[in-house]
Every structure is written in C-alpha cells, then in structure tokens.
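Working notes for the structure below.
Each ligand, and each atom within it, is numbered from 1 in the order the structure gives.
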Amino acid sequence: MTVAAPPAPAVASDITLRDFWIDVIRRLEPKVQRGLFITWFRNTTVLGKEEGNLVVGLPLPMFLNWHMEHYRAITLQEAQELDPSIRQIVYKVDVGLKDNPERSIDILQLFPEHKRRKLPGKQEVKLAEGIVSKILNPRYQLDNFIVGPSNRLAHAACQAVASQPGGKYNPLFLYGGVGLGKTHLLQATGNAILKQIPKATVVYLTTEEFTNHVIEAIQHQKMEGLRRRYRQVDVLIIDDVQFLARTERTQEEFFHTFNALYEEHKQIIISADRPPQELQIEDRLTSRFARGMIADVALPDYETRLAILIEKAAEYEIFLDMTVLQFIAEHTTKNIRELEGILMQAVALYELEQRMPTVKSIAEIMRKLSKDPYAADVPTGFETPEKRKATFQEILEAVSRYYSVSVQDMLGQSRVREILFPRQIAMYLGKKHLVMSYVRLGEVFSGRDHTTVMNAVEKIEERMQNDPQLLREIHAMEQECGFVKNA
Ligand code: ADP
Ligand code: MG
C-alpha cells in the first residue's frame, strides 16, 4: 500500500502518534538484536510530528546518546517509508514515559519473544539458481569465540578449515549439548571462509531446512535438479544433524550430496548433539561423518565462562562489577545461552532502572528465571567440588559481596540500615557456623558488647521465620561459604 499523503494535521493526537511509532518500530524490530531492541525501545513513543520533524520521546537521559549513535539513521529510514514528509528525527527525554503504558509502548506485550525467534529462521538468501542458505549471523566470528579447554580442539579445527576448506579436516563434525557454541562455530567458520573467498558458495542450513528442501523437491519431482544444484556448493554446513533421525529420504539425499561434494574436495561441516556413532541414522552416513575430524564442545570451565561474560558484557557496552560477573559465571552452569540470558537481564536492569546490578540483584534475577542456584527445589545440574568451610573473614567477604557493603563498614561503627543489616547477618552466620561466642564476636565487631551481638542474632533468627526472601539470601551466603551443599 502506498501512503497517499493528505496534508498531515499540524498536531496529531497522542494516540495516532503512538500508533505511528508502533508501526515504525515494528519495521525496526527485525533489524535490531532482540536484547538491545527490548532495552532501548521500551517506554519510547512519538511525542510530535511537525514540519518534517519526528519527535521521539525517550524515558531516560541515558537513552539519548545511544539512540543518536545507533538508531537515528534506521529510525529515520523506516519512518520515511511510512511518511515521506518526515525529514529528521529529534529526540526528547521525558521521564514521564517510564512504565506508563498509556503514553509509551509496552514492548514486551507488543513484541513477544516467540515471534522474533522464528524470524531469523526465515532469513534465507538465494546464492545461485535454486541454492539457498540461511544468512550467516555476523555476530558469530572465530575471533570473538572464547577458547578454553572445553572447546579448544573444536575451535582449532574450525580455524584450520577456514584457512584451508576442503583440506585435511573434511568433513568436520562438531558435537556437544545445547547452547555451548556449536552454531556459533559453524557460522563463524562460514563467515571466515567468505571473508577470504568472497565468491565461495557457502551454504548454511539447519537439518530441518535441508529436509524441507528435499521434501519440496520430492513433491515437485525435482530431485535431479536439487542434486545438481547442491553440487555447485563449495562449503556445505548443516547444523543439528541429530534431526536426520527417521528421515529416510533426506538421509539418502544427504548421503549422495555428501559423497558428491566430498569427492570434489568441497568442505562439509556438520554439528550434532552427540557423536556420530550415537546418531540414530543409517550406518553408511555415520561412517561418512566419522571420516574426517571430530571434535566435541563441552561446558566451559569457570575461567572460560568468566571470559565469555566479559566479552559479551563489552559487546553490550555494559561494565559490570567483577564480583557480579564472577557470581554469574559461577552459577550459570548449564550452558552459555543461559549465561547470556542473565547478562541481558542485568543490562536491562542497568539501562532501564539505572541500577547497577549487584550480586544480590543478579541472584534475584536468577530466582525469577528459576535458575536460582539456591532454591532447594531447583537442581543446578552442576556439582561444585566439596568446598572447604569458610573462615570468619570469608563469611565477612561473602556478606560484603552479597549486599555490596564493605567489610570495613560492617566491622565499623556506622548504624545506617544498609550496613547494620549485613552486619547482623554476619554475626548470625559466625555464631551459627563457627561456634564463636557472643563475647568473641563482639570483640571482632569493634569491641561491641556481647548483648548487642545476642540481640542481632536473635533478630535475624526471628526474621527468618517469616521472611522467605531472607531465608534464601542467607542460604545463598551459606552456600558461598561451603556451609551447605548445592541442592
Ligand atoms: P549451540 O549451537 O551449541 O546450541 P550456540 O552456538 O547457539 O550453541 O551458542 C549459544 C550462545 O552462546 C551464542 O550466543 C554464542 O555466541 C555463545 N557462546 C557459546 N560459546 C561461546 C564462546 N566460547 N565464546 C563466545 N560465545 C559463546
Ligand atoms: Mg545450535
């Protein structure tokens, strides 16, 4: 539909402006990475549209720079598509927009997650007549993949393949659990090959997409054509081949394509969630897969997880406190996708509420995502080695990290609530776990009277009776200190 342009009223009503804005960002959504989209377009709106100026309202001052630098050009472009009379975007901060769905937009409701998830799957490019590939995500590069013992071999193999496609490591077969970086490595290898040989025909497809092409060809009796076309491919990358199970015709086709490409020294790269011999597919295919290089991708160790976090945090331009990053790295133990999810929540907290995430707020986020490592009924799937029990100094440090107060303040004289409360917790933990006497504890805390300590411990015990949140927090710190084992 073309937009006939009747002269726009000088001042449009708030509702039409808001709807116009929704139309604009609907067009922006597929172009902006999801986390960033949610973060930066939440609580925005259009405040005015006059004389060629589109006045975009932002909820916080910190949005201003970011929008000007990152989104001004694409916003203008999309707005002009809808209304060619717009000449420029002008930003205006209006704090009244924050969490006010009547004025600004409720982004999560308008753009629920599932819609976006499907979108990238459809983004295919046509490389030659009848050859399509999914678009390679430019975020996936070999040099932004953090290497550690769990993925070193896989990464090295990808590098070798990238520098000499169709060489020694053919086929390359990567396997490992979900969210550990297989797709990243596969696409990064494709990206690296294209960088060196821009003319190469690099096809990247999920097994599901490959299967769909085969089924389509069967339906239209175009199998011959499909085979011929795939033979022109220089690099064939197929993700998640465990889904080949129970697809006889596809397996058959894959076998022929594989052989044809292999014989011509074309590179084949495959991933799966398990090693070749455990795939439920034809033996002749399994043995083809096992012919080249096989490397597994496992859960990165703590140091590698921390390095990944630092890298991702920098990508999102958020600079979190090291103790916070350490806490996330320590407690996200299933996969890297989970780790990224928690980081994104931290970014949102930081950007939207202007709150610097603390260990405490991250623990809260994890609880909400039911990833709470402390909630007794949620197994973490991760076994920490039996911890040595903490010393009193370590208790103090754990409490200090958890509530973001310094050890010095806790031991000192201040009576402000922010310090008083953590101090009482430290006293409680010392009494409970280290069997320190009230008198001794009083001495440690700047020579306080033993009755003060007694009162503090009692107070905490009392509060724990009917404050489940506090109970959880204490449990968290006890776990940090090795007093209780993981659930
Ligand atoms: P898989 O395909 O194995 O399920 P993905 O490749 O989709 O996993 O990885 C999930 C997310 O974790 C991606 O955003 C990816 O960039 C990131 N990731 C995983 N491992 C690493 C790593 N070692 N360095 C950097 N990012 C990683
Ligand atoms: Mg994957």
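A donor and an acceptor atom, one from each side chain of His184 and Asn144, are located under 3.5 Å apart. Between the side chains of Glu252 and His256, at least one donor N or O sits under 3.5 Å from an acceptor N or O. No side-chain donor-acceptor contact under 3.5 Å links Glu330 and Gln326. Side-chain contact, Asn170 with Gln267: a donor N or O sits under 3.5 Å from an acceptor N or O. For the residue pair Glu209 and Thr206, a side-chain donor N or O sits within less than 3.5 Å of a side-chain acceptor on the partner. Tyr403 and Glu473 share a donor-acceptor pair across their side chains, judged by distance under 3.5 Å alone. Using a 3.5 Å distance cut-off with no hydrogens or angles, the side chains of Glu81 and Gln77 do not pair a donor with an acceptor.
In terms of protein heavy-atom proximity, atom 11 (C) of ligand 1 is nearest to Glu340 OE1, 3.5 Å. Here the heavy atom of the protein found nearest to atom 7 (O) of ligand 1 is Arg337 NH2, 2.9 Å. Here the heavy atom of the protein found nearest to atom 8 (O) of ligand 1 is Gly181 N, 3.0 Å. Scanning all protein heavy atoms for the shortest distance to atom 20 (N) of ligand 1 gives Leu180 O, 3.4 Å. Of all protein heavy atoms, the one lying nearest to atom 24 (N) of ligand 1 is Ile146 N, 2.8 Å. Protein heavy atom at the shortest distance from atom 21 (C) of ligand 1 is Phe145 CE1, 3.5 Å. Nearest protein heavy-atom neighbour of atom 16 (O) of ligand 1: His184 ND1, 2.6 Å.
The residues Asp273 and Lys182 are annotated as not salt-bridged, no charged nitrogen and carboxylate oxygen being separated by less than 4.0 angstrom.
The Mg ion (ligand 2) has an N, O or S atom of Thr183 under 2.8 Å away, backbone or side chain.
For ligand 1, the atoms closer than 4.0 angstrom to any heavy atom of Tyr140 are 16 (O). The atoms of ligand 1 that sit less than 4.0 Å from any heavy atom of Thr183 are 1 (P), 2 (O), 6 (O), 7 (O). Close approach of ligand 1 to Asn151 (heavy-atom distance below 4.0 Å) involves ligand atoms 23 (N). In the vicinity of Arg139, heavy-atom distances shorter than 4.0 Å reach the ligand 1 atoms 14 (O).
When the heavy atoms of Ile336, Leu186, Val178 are ranked by distance to atom 17 (C) of ligand 1, first place goes to Ile336.
Within the 4.0 Å heavy-atom criterion, neither part of Glu311 lies near ligand 1. Under 4.0 Å from ligand 1, the heavy atoms of Ile308 that appear belong solely to its side chain. Here Asn144 has backbone heavy atoms under 4.0 Å from ligand 1, and that is the only part of it that gets that close.
Side-chain contact between Gln345 and Ile362: absent, with no pair of heavy atoms (C-beta onward) separated by less than 4.5 Å. Side chains of Thr75 and Trp21 form a contact here, defined as non-hydrogen atoms less than 4.5 Å apart.
Contact between His155 and ligand 1 is absent, with no heavy atom of the residue lying under 4.0 Å from the ligand. Residue-ligand proximity: Gly179 is placed with a non-hydrogen atom under 4.0 Å from ligand 1. Taking a 4.0 Å cut-off on heavy atoms, Gly177 registers as neighbouring ligand 1.
Glu208 CD: 12 or fewer foreign heavy atoms inside a 6.0 Å radius.
Side-chain N or O atoms of Thr207 include one that pairs as donor or acceptor with a backbone N or O of Asp239 at under 3.5 Å.
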